[in-house]
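Read through the structure below, which is laid out as structure tokens, and then see the notes.
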Amino acid sequence: MKRFQRCSFFLTGLLFSALILPGAAQPLFAQDVKFAFVDVARVFDSYDRTKESDRELQDAGKKKEEERDAMVYDIRQLKDELLLLNGDTKTKKQEMLEEKIKGLQEFDRDAKKGLAEKRSQIVQEIFKEIDQTIQRYGERKAVDFIFNERALLYHSDKFDVTKEILEDLIKEYKTKKKKWTRELFEI
């Protein structure tokens with residue numbers, strides 16, 4: 001008897017849920033919910049600031065490489081001089097050579113670290129700009145959900161707002177471009 005009551009109670013609850021819950025959910029889905037998605041990687045790669053920053057970082061890297069080449073040249077000169085020397089002079093030159101090699105190693109480490117930190121800082125700033133642009137776009141266009149393209153298993157291209165986001169971002173960048181100067185790239 002108790003088993004029958006439990007089963008009856010369960011079936012009644014199930015029937016009640018089936019009748020009431022779809023009606024309660026109806027207003028939620030009756031509204032126009034706007035979805036969009038953005039390929040953030042494509043926006044990042046196509047963004048003018050990303051391209052300019054990459055060029056600036058490459059230029060800074062080339063300058064560091066030139067400095068390094070000059071240091072290597074000095075070290076080679078010292079090695080050549082060492083072959084011709086003997087005695088105290090050779091010992092002093094050997095110590096100078098070891099100091100220059102240590103200096104070169106420190107320079108390499110500092111240059112790599114400095115360039116990596118600068119790149120990381122710039123990438124973070126760019127992603128922050130992209131995020132803010134997406135937020136403003138969503139508010140302006142009254143979009144309820146904007147998804148990152150990577151998080152989707154399937155999407156229709158009609159919901160792709162990547163091009164619009166990129167256009168907004170570039171427009172905004174051009175107005176702010178004067179603010180960002182080459183001093184960001186001094187390492």
Side-chain angles (χ1 to χ4, degrees), residues 36-138 146-153 155 160-187:
F37 75 90
V38 177
D39 185 344
V40 177
R42 193 171 92 205
V43 170
F44 179 83
D45 291 339
S46 301
Y47 185 28
D48 290 345
R49 183 170 180 208
T50 303
K51 293 174 186 177
E52 290 174 15
S53 297
D54 282 345
R55 280 192 298 272
E56 294 290 339
L57 285 170
Q58 285 177 350
D59 290 346
K62 286 178 185 176
K63 287 179 185 174
K64 292 295 180 185
E65 190 66 33
E66 289 171 2
E67 290 178 47
R68 184 186 190 284
D69 289 344
M71 294 172 84
V72 169
Y73 179 79
D74 288 344
I75 289 171
R76 286 187 181 148
Q77 291 289 92
L78 272 175
K79 281 184 179 181
D80 290 344
E81 289 175 22
L82 261 172
L83 295 174
L84 302 173
L85 299 174
N86 57 18
D88 271 351
T89 312
K90 186 173 186 171
T91 305
K92 289 178 184 176
K93 287 282 185 182
Q94 183 66 36
E95 289 173 3
M96 277 177 67
L97 177 65
E98 289 173 8
E99 286 180 35
K100 288 203 178 253
I101 290 172
K102 284 181 185 177
L104 177 63
Q105 291 169 343
E106 288 176 21
F107 177 83
D108 284 345
R109 185 183 63 245
D110 292 345
K112 286 178 185 177
K113 182 180 177 185
L115 288 171
E117 287 174 353
K118 184 56 67 180
R119 184 174 196 310
S120 177
Q121 174 190 355
I122 291 169
V123 166
Q124 285 179 344
E125 290 173 3
I126 290 172
F127 275 117
K128 185 177 178 182
E129 288 176 40
I130 292 170
D131 185 50
Q132 290 170 346
T133 301
I134 291 170
Q135 296 291 325
R136 284 190 297 277
Y137 176 87
I146 299 178
F147 296 97
N148 182 340
E149 204 273 341
R150 287 184 169 196
L152 298 174
L153 299 175
H155 57 79
D160 187 355
V161 296
T162 303
K163 184 177 177 184
E164 294 173 62
I165 296 294
L166 184 58
E167 289 170 356
D168 287 355
L169 192 63
I170 290 171
K171 206 180 300 178
E172 195 173 302
Y173 175 66
K174 287 180 180 179
T175 61
K176 291 182 179 179
K177 190 174 180 179
K178 293 176 186 175
K179 182 179 176 183
W180 296 302
T181 62
R182 293 181 75 85
E183 71 187 14
L184 287 174
F185 300 100
E186 292 176 3
I187 297 173

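If you read the sequence from its start, that first residue is 1, and numbering goes on from there.
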Under 4.5 Å between any side-chain heavy atoms of V38 and F147, yes or no? no

Side-chain H-bond candidate by donor/acceptor type, K118 with Q121, under 3.5 Å: yes

Return the CD to CD distance between E106 and E99, rounded to the nearest 0.5 Å. 10.5 Å

Output the distance between atom CD1 (I134) and atom CG (L169), rounded to the nearest 0.5 Å. 8.5 Å

Got a second to check how far K100's NZ is from Q77's CD, nearest 0.5 Å? 10.5 Å

Please tabulate, for side-chain N and O atoms in residues 68-75, each donor-acceptor pair with protein atoms closer than 3.5 Å (sequence neighbours left out).
| unit_1 | atom_1 | unit_2 | atom_2 | d |
| --- | --- | --- | --- | --- |
| R68 | NE | D108 | OD1 | 2.7 |
| R68 | NE | D108 | OD2 | 3.2 |
| R68 | NH2 | D108 | OD2 | 3.3 |

Is there a side-chain contact between Y173 and E52, using heavy atoms and a 4.5 Å cut-off? yes

Before you tell me yes or no, could you show the steps for D160 and F37 under side-chain contact (heavy atoms from CB on, under 4.5 Å), namely the whole-Å CA-CA distance, both residues' side-chain angles and the distance that decides it to 0.1 Å? CA-CA 5 Å; D160 187 355; F37 75 90; 3.2 Å; yes

Considering only heavy atoms from C-beta outward, does the side chain of E129 approach that of E172 to under 4.5 Å? no

Are any of the side-chain heavy atoms of Y47 and I126 separated by less than 4.5 Å? yes

Side chains of L78 and M96: does their closest heavy-atom pair fall under 4.5 Å? yes

Determine whether Q105 and R109 make a side-chain contact, defined as any pair of heavy atoms from C-beta on separated by less than 4.5 Å. no

What's the separation between atom CD1 in I170 and atom CG in D48, rounded to the nearest 0.5 Å? 4.5 Å

Between the CD atom in Q132 and the CZ atom in F127, the distance rounded to the nearest 0.5 Å is 13.5 Å

Could you check if a side-chain atom of I130 sits within less than 4.5 angstrom of a side-chain atom of F44, using non-hydrogen atoms only? yes

Side-chain donor-acceptor pairs of residues 86-93 under 3.5 Å, sequence neighbours excluded:
| unit_1 | atom_1 | unit_2 | atom_2 | d |
| --- | --- | --- | --- | --- |
| T91 | OG1 | G87 | O | 3.2 |
| K93 | NZ | E81 | OE1 | 2.8 |

Minimal heavy-atom distance between A60 and L115, with the atoms involved, is CB-CD2, 3.9 Å

Does a side-chain heavy-atom distance below 4.5 Å link K112 with K64? no

In Å and rounded to the nearest 0.5 Å, what is the CD to OG distance from Q58 to S53? 11.0 Å

I146 to G138 - nearest heavy-atom pair and separation: CD1-CA, 3.7 Å

Can a donor-acceptor pair be found, under 3.5 Å and without considering hydrogens, that links the side chain of S46 to the backbone of R42? yes

